[in-house]
Asks: 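A single structure is presented below for examination.
Order of the sequence lines sets the chain letters (A, B, ...), proteins ahead of strands, with each chain counted from 1.
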Number of protein chains: 2
Amino acid sequence: MDQVNLKRLARELNLAPSTVSRALSDSYEISAETKERVLALAQQLNYQPHPYARSLRKRSSNTIAVMVPEIANNFFTLVINGIEEIAQAKGYHVLIYITHENHAKEAALVRHLLNGRADGVILSLSSQTQELSHLHELREAGIPLIFFDRVSEEIDTVKVTTNDQESGYLATRHLIEKGCKDIIYLASSAHLSTDQLRWQGYKAALEDNGIEVREERTLLLGEENGSHFETLKKAFSGKTRPDGVFASVESLATLSYEVCEALGIHIPGEMKVIGFSNLRTASLLKPSLTTITQPAFEIGKEAATALFQSMGKNKAISKDRRIVLSSTLIERDSTASFPYKKKD
Amino acid sequence: MDQVNLKRLARELNLAPSTVSRALSDSYEISAETKERVLALAQQLNYQPHPYARSLRKRSSNTIAVMVPEIANNFFTLVINGIEEIAQAKGYHVLIYITHENHAKEAALVRHLLNGRADGVILSLSSQTQELSHLHELREAGIPLIFFDRVSEEIDTVKVTTNDQESGYLATRHLIEKGCKDIIYLASSAHLSTDQLRWQGYKAALEDNGIEVREERTLLLGEENGSHFETLKKAFSGKTRPDGVFASVESLATLSYEVCEALGIHIPGEMKVIGFSNLRTASLLKPSLTTITQPAFEIGKEAATALFQSMGKNKAISKDRRIVLSSTLIERDSTASFPYKKKD
DNA sequence: CTGTTAGCGCTTTCAC
DNA sequence: GTGAAAGCGCTAACAG
């Protein structure tokens, strides 16, 4: 129960604490014999150096922080998974913070990190965040920052993203190829880089196919407390309803399904839906579902790798690099009949 | 860029560092005027106390650790979400560790926490873990430990679980009521508390309904590298195949679906499947899916709340308490016809 | 009410 | 090759 620390090891071995410290860090100026003695006792007593004492002295915490807008979401979960994998391999510890899409929370949490708790930060912006002074402070404090997915051009650093504009283009074109003439875009935020790029892809695809881009066909469903179900119900009702939906996030794709079910609109017969999503239980899903899936795990690994590079000595490479991975369009065949033959 | 620390504040204010420290912690022995001056400057310079210096001195880290077997799983993700919510409200930081169902990793990670990095630990056992010396060491070091979901009776502490045995009973009875006469149980581990309890519920339900419990109807699909698809394909083929499946974990429910699709077995026509699962996209799922869903978010909140109680002064309440929440059986109506009426 | 001092456990000069 | 001493930034015990 009494702590095993350097002093205790030193006492039991008749050595000075400094010697023990050097032996444990395998310093070249310690005799092989002493090293062995020290290591043996350390192992026997299961000595663990006090992490915070060491951090205080060495001015580095062996810890990185990951900040995500939410976690009840397969995409961010998988990214965290990738980050943790790299960090664990490097012997680093991972702090998790959830901003709940809230700017004030994000800023407060970042400011908590200004004074040495973490050696680096990996962050995906909250949908509310527009003002970035907290991130500038972080950089001024010399703490490396890596963005992923929801990035900002205002800050020069590594940004790991997917080809959002291209994906938006392909998703929209896919709907057009399936016969849609009137496609609605469901946005979750007016500010997020991802949402803007996806929309630009949507717009370009419409234009390239001679379809008019109408303002009322972009629907912003971003507010936390908005009654999106009702809004969408209205948009999907009446003669002028769209025949295709492109949802910028998974939750809006889900919502579209629910609204269609409530209204008795058949998918994909009367309405085609495509959405960004990272579902991992494909075989449990309805065959009418088409998704754009981001390589989330790889994004996490890339971001962590980039962060560890930035935390190395040569900080030059962290300057405004851009890493773009490709999303995949996954189409569950909606026409193939299920291989069951009813026995009668 | 130069650090703002207590010494600097003290210098600029012509005070002693200790006075500044006391002013910032709102000590009763500091004059209102001094407090104001200190607070003003601290705010102006955006002073953040060095967390590790403070931890070193106060022998507490304001940090808790969460250790889960995997994270690419809705259940554990939601639990983490609940934990983070409570921790953030208390101003605590959350370290995440993933054991990848690996005993050695779990033990190594726990031992990293022995020396003050975290004030408490919330853990769900890896499926490989049987020997618990690392957890005994943790307790001997005086660090509170809370189990959730996958718990061990060997250690006296708070355990947050769901009513696994009852759920297993209800799930099995549900299949029997739907007409199943020959139900196979798919286990993911021979050791885990959850799996054992669910199986006991399964067994009891069969017995209560006069169905023989046959050993070959319990299939262990636990090995990481096992070719479970092939094993299951064999089990689902031939004259003697079961007519109901009870999967102890989501991945095995998914796998059952895939195998049935590959074999052309209709669900739920020829085979009924029920499984533990925490899917959050209900409307995207096939209507033939019936799940047992655990209140994951609440489990996380309960576990965190219990941990903070244990970390309080009166450690008595952390002695071997058991908190049992109830799972829900969610049946997606497999016979109800979709409200779409084809226009012809 | 405020200052002085000591020390948390570690690493790193600087001595010898 | 090893020891003594200082100090990372903070808080708490002891003065006054």
Asks: Yes or no on side chain to side chain contact (heavy atoms under 4.5 Å, CB included) for B:N46 and B:V4, after CA distance, side-chain angles and deciding distance?
Replies: CA-CA 8 Å; B:N46 193 14; B:V4 300; over 6 Å; no
Asks: Tell me whether A:R321 is salt-bridged to A:E302, with the criterion being a basic N under 4.0 Å from an acidic carboxylate O.
Replies: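 Salt bridge between A:R321 and A:E302, a charged N being under 4.0 Å from a carboxylate O: no.
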Asks: Only counting residues at least two apart or in another chain, list the ones meeting ring-ring contact (aromatic ring centres under 6.0 Å, His included) with A:Y47.
Replies: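 A:Y47: no ring-ring contact (aromatic ring centres under 6.0 Å, His included) contacts found.
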Asks: B:N62 has an atom CG; how far is it from atom C1' of D:dC10, in whole Å?
Replies: 14 Å
Asks: With sequence neighbours left out, what residues match A:F147 under ring-ring contact (aromatic ring centres under 6.0 Å, His included)?
Replies: none
Asks: Taking only residues two or more places apart in sequence or in another chain, which ones pass salt bridge (Lys or Arg N to Asp or Glu O under 4.0 Å) with B:K90?
Replies: none
Asks: With sequence neighbours excluded, tell me which residues meet salt bridge (Lys or Arg N to Asp or Glu O under 4.0 Å) with B:E154.
Replies: none
Asks: Output one line per pair: protein atom, nucleotide atom from nucleotides 13-16 of chain C, and distance, for all N/O pairs under 3.5 Å.
Replies:
none

Asks: Just how far, in rounded Å, is P of D:dC8 from CZ of B:R8?
Replies: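 One finds 15 Å between P of D:dC8 and CZ of B:R8, rounded.
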Asks: What I want to find out is whether B:E12 reaches B:R37 closely enough, with some N-O distance under 4.0 Å, to be called a salt bridge.
Replies: no
Asks: Which atom pairs link the protein and nucleotides 6-10 of chain C when you take only N or O atoms and keep those under 3.5 Å?
Replies:
from: C:dG7; atom 1: N2; to: B:R57; atom 2: NH1; distance (Å): 3.0
from: C:dC8; atom 1: O3'; to: B:R59; atom 2: NH2; distance (Å): 2.6
from: C:dG9; atom 1: OP1; to: B:R59; atom 2: NH2; distance (Å): 2.5
from: C:dG9; atom 1: N2; to: A:A53; atom 2: O; distance (Å): 3.3
from: C:dC10; atom 1: OP1; to: A:Y47; atom 2: OH; distance (Å): 2.6
from: C:dC10; atom 1: OP1; to: A:H50; atom 2: N; distance (Å): 3.1
from: C:dC10; atom 1: OP2; to: A:L6; atom 2: N; distance (Å): 2.5

Asks: Sequence neighbours left out, what pairs pass salt bridge (Lys or Arg N to Asp or Glu O under 4.0 Å) with at least one residue falling in residues 24-34 of chain B?
Replies: B:R22-B:E29, B:D26-B:K35
Asks: Can you sort out the partners of A:E36 under side chain to side chain donor-acceptor pair (under 3.5 Å), two or more places apart, ordered by chain and number?
Replies: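 Residues passing side chain to side chain donor-acceptor pair (under 3.5 Å) with A:E36: none at all.
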Asks: D:dC10 C1' sits how many Å from A:R117 CZ, rounded?
Replies: 14 Å
Asks: Under 3.5 Å, side chain of B:S310 to main-chain N/O of B:P144, donor-acceptor pair present?
Replies: no
Asks: Quick check on the helix from C:dC1-D:dG16 to C:dC16-D:dG1: what's the angle between its two end axes, five base pairs per end, to the nearest 10°?
Replies: 50°
Asks: Please list every donor-acceptor pair under 3.5 Å in which a side-chain atom of residues 62-82 of chain B meets a protein atom from a residue at least two apart or in another chain.
Replies:
from: B:N62; atom 1: ND2; to: B:G91; atom 2: O; distance (Å): 3.2
from: B:T63; atom 1: OG1; to: B:S61; atom 2: O; distance (Å): 2.9
from: B:E70; atom 1: OE2; to: B:N73; atom 2: ND2; distance (Å): 3.3
from: B:N73; atom 1: OD1; to: B:F75; atom 2: N; distance (Å): 2.6
from: B:N73; atom 1: OD1; to: B:F76; atom 2: N; distance (Å): 3.2
from: B:N74; atom 1: OD1; to: B:R280; atom 2: NH2; distance (Å): 2.2
from: B:N74; atom 1: ND2; to: B:N278; atom 2: O; distance (Å): 3.3
from: B:T77; atom 1: OG1; to: B:I71; atom 2: O; distance (Å): 3.0
from: B:T77; atom 1: OG1; to: B:N73; atom 2: O; distance (Å): 2.8

Asks: Hey, can you pull the residues of residues 31-44 of chain A with a non-hydrogen atom under 4.0 angstrom from DNA chain D?
Replies: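 A:S31, A:T34, in order of number.
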Asks: With no hydrogens and no angle check, is any side-chain donor or acceptor of A:E106 less than 3.5 Å from a backbone partner on A:L125?
Replies: no
Asks: Round to a whole Å and report the spacing from CG of B:D26 to P of C:dC1.
Replies: 13 Å
Asks: Distance-only criterion, 3.5 Å: show the donor-acceptor pairs between side-chain atoms of residues 294-301 of chain B and protein atoms not counting sequence neighbours.
Replies:
from: B:Q294; atom 1: NE2; to: B:D149; atom 2: OD1; distance (Å): 3.0
from: B:Q294; atom 1: NE2; to: B:T162; atom 2: OG1; distance (Å): 2.9

